[in-house]
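Accompanying notes for the structure given below.
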Amino acid sequence: MTKPFIAAQGVHSYYGPSHVLHGVDFRVNRGETVALMGRNGMGKSTLLKSLLGIVKPRDGEVRVGGTVMTGRPTSRIVRMGIAYVPEGRGIFPSLTVREHLLMVARRGAEGRRDWDYHRVLETFPRLAERLDNFGHHLSGGEQQMLSIGRALMTNPELLILDEATEGLAPLIRREIWRVIAAIKQTGIATVIVDKNAHVLLDLADRHVILVKGTVAYDGHADALKANPEILERTIGL
Amino acid sequence: MSVWFILIQVLNGIQYGLLLFLVASGLTLIFGLMGIINLAHGSFYMLGAYLAYWLTGATGSFALAIVLAIPLAAVVGLVLEAGLLRTLYRRSHLDQVLLTYGLILIFNEGQRLLWGGDVHSVAIPELLTGSVRLTETLSYPVYRLWVSLVCLALAGAMYLVIQRTRFGMLIRAGACDRDMVAALGIDVKLLFAAVFAAGTVLAAVSGAIAAPLSSVGPGMGDTVLILCFVVVVIGGVGNIKGTFFGALLIGLADTFGKVLIPDLASFMVYAVMAAVLLWKPRGLFA
Ligand SMILES: Nc1ncnc2c1ncn2[C@@H]1O[C@H](COP(=O)(O)OP(=O)(O)OP(=O)(O)O)[C@@H](O)[C@H]1O
Ligand SMILES: [Mg+2]
């Protein structure tokens, strides 16, 4: 079995008194594309934040590259090769497109420089036209591209995308999916949370479905396609 | 009142305003980035003045005193940030005000223990003692011009750092959304510590170069602190450009207030503040 790049075991997370994750096991192997699915409020974003240490798990363990990172600062965890495209995109209103990209540029593991400023702009030509625009002057689609482009500038091993196509026009959405598929081809592992289950069924290597903060399904796309009742039961598709 | 006299007051006002800017910029950056209201910021100004007094005496050189004061102030800033202020980042403003007010008392007491309650003076360095002759009777001291130039140079450097460097981008980004900055792999604690130390150094350097202009004495940080808060408020909290023009405005208001209506000197500053806030409640450039 391949060693996972990131692995959570028995993770319990809370917001104050409210218990959101109830002992979740979750892993992503190197180069693997994992779809994280589940209805609204089932804990998908909370699981991603628990992996990153944004939410500190109260119980359980998160390992990155074999090292226990539970409770460590987010910046340390991220520096091990993770890039995060959050729900809501996390764009800074008072920074320009160029600044968003240059601000975080860094080499990846073993000094990899696959992604740089020019490659990101080639991937998102629309950003190249808006280099001097501030974050709050961008459309939703442009912000999303910027958030993904910024993530790539860190040359990550693992890219985490939370609702990357949410609220976008169909044309832009297709553009984003095209880029995500291209990123997958480069060997970067990805975790994708998205409402569009059909695209995920074709794109992802593995699917994990959360129901009320526990893993209800973890398996390959073929098995899911063969048993559509699983999807119907867990996410109502 | 002659044109020359007014020119001199304008130069004085600008010089004082630029000095206020250096102190207030640290205050507003620290508030904008970390959400910390630091009442002890004026004490850093006082610290700088006393360091200039003490080190000039010890080394015999004002220039050397300033060079030495910079790392000392940075250490004071780093120690306070790591030891005390770091615990306040997510706390209420009331807690911050209480703790940093306590710091003022500690600084004042420390100053009394180390240097006593007397008022001291620092000589203007030899090279800068001259003055520029304006008319038969009026002249302008070179040292004041030098202070203005140093402040302008530092303000320009600060502008470049904030606008052009990665460090500056991180400061601006952190002021919007520090959690997102952390999620990009940036050590926000380190960023905060660096900005706090930079603010401390700026305030201390201001105090040090102002020392030969005014006397060095107890409570000298308080006046500056209050004026800096006025500057921060009219400049718009966290807004460096607003702080710059706000500081010039207050520097001029304070200077002209003292000349025109000596009995009500401080009135001028608050009148200007009230006028600005009526016109632009959220600051000059909001
Ligand atoms: N900051 C917060 N404080 C308190 N409760 C929260 C917070 N964020 C999320 N929750 C709650 O935790 C539960 C899980 O939320 P989470 O955002 O992880 O769900 P999700 O699966 O990502 O849903 P969605 O599809 O709506 O994004 C929900 O009941 C939500 O209301
Ligand atoms: Mg979510």
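Note that the structure is predicted; figures quoted are calculated from it, not measured.
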Atom [atom1] of [X]: over 12 foreign heavy atoms under 6.0 Å:
X        : atom1 : answer
B:Lys189 : NZ    : no
A:Arg76  : CZ    : no
A:Tyr14  : OH    : yes
B:Arg282 : CZ    : no
B:Arg164 : CZ    : no
A:Arg113 : CZ    : no
B:Lys280 : NZ    : yes

Can you check whether anything in residues 74-102 of chain B gets within less than 4.5 Å of chain A, heavy-atom wise, and list it by number? none
So, the part of B:Asp177 with a heavy atom under 4.5 Å from chain A: the answer is both
Would you please test B:Ile186 and A:Ser75 for side chain to side chain contact (heavy atoms under 4.5 Å, CB included) and show each step? CA-CA 5 Å; B:Ile186 310 301; A:Ser75 61; 5.6 Å; no
Pick one of side chain, backbone, both or neither for [X], based on which atoms fall under 4.5 Å of a heavy atom in chain B.
X        : result
A:Pro86  : side chain
A:Ile54  : side chain
A:Ala105 : both
A:Arg150 : side chain

Closest non-hydrogen atom pair between A:Arg79 and B:Gly185, with its separation: NE-O, 2.7 Å
Give the minimum heavy-atom separation between A:Tyr84 and B:Met180, together with the two atoms involved. O-CE, 4.0 Å
Evaluate A:Glu99 against B:Arg172 for salt bridge (charged side-chain N to carboxylate O under 4.0 Å, His left out), listing each step before the verdict. CA-CA 10 Å; A:Glu99 290 173 336; B:Arg172 283 182 286 138; 2.8 Å; yes
Atom pair CG/CD1 of B:Leu184 and A:Ile82 - distance to nearest 0.5 Å: 12.5 Å
Roughly how far, to the nearest 0.5 Å, is CE of B:Met169 from OG of A:Ser94? 12.0 Å
Who wins among A:Leu52, A:Leu102, A:Thr154 for the most heavy-atom pairs under 4.5 Å with chain B? A:Leu102
Taking the side chain from B:Arg166 and the backbone from A:Val104, do they hold a donor-acceptor pair closer than 3.5 Å? no
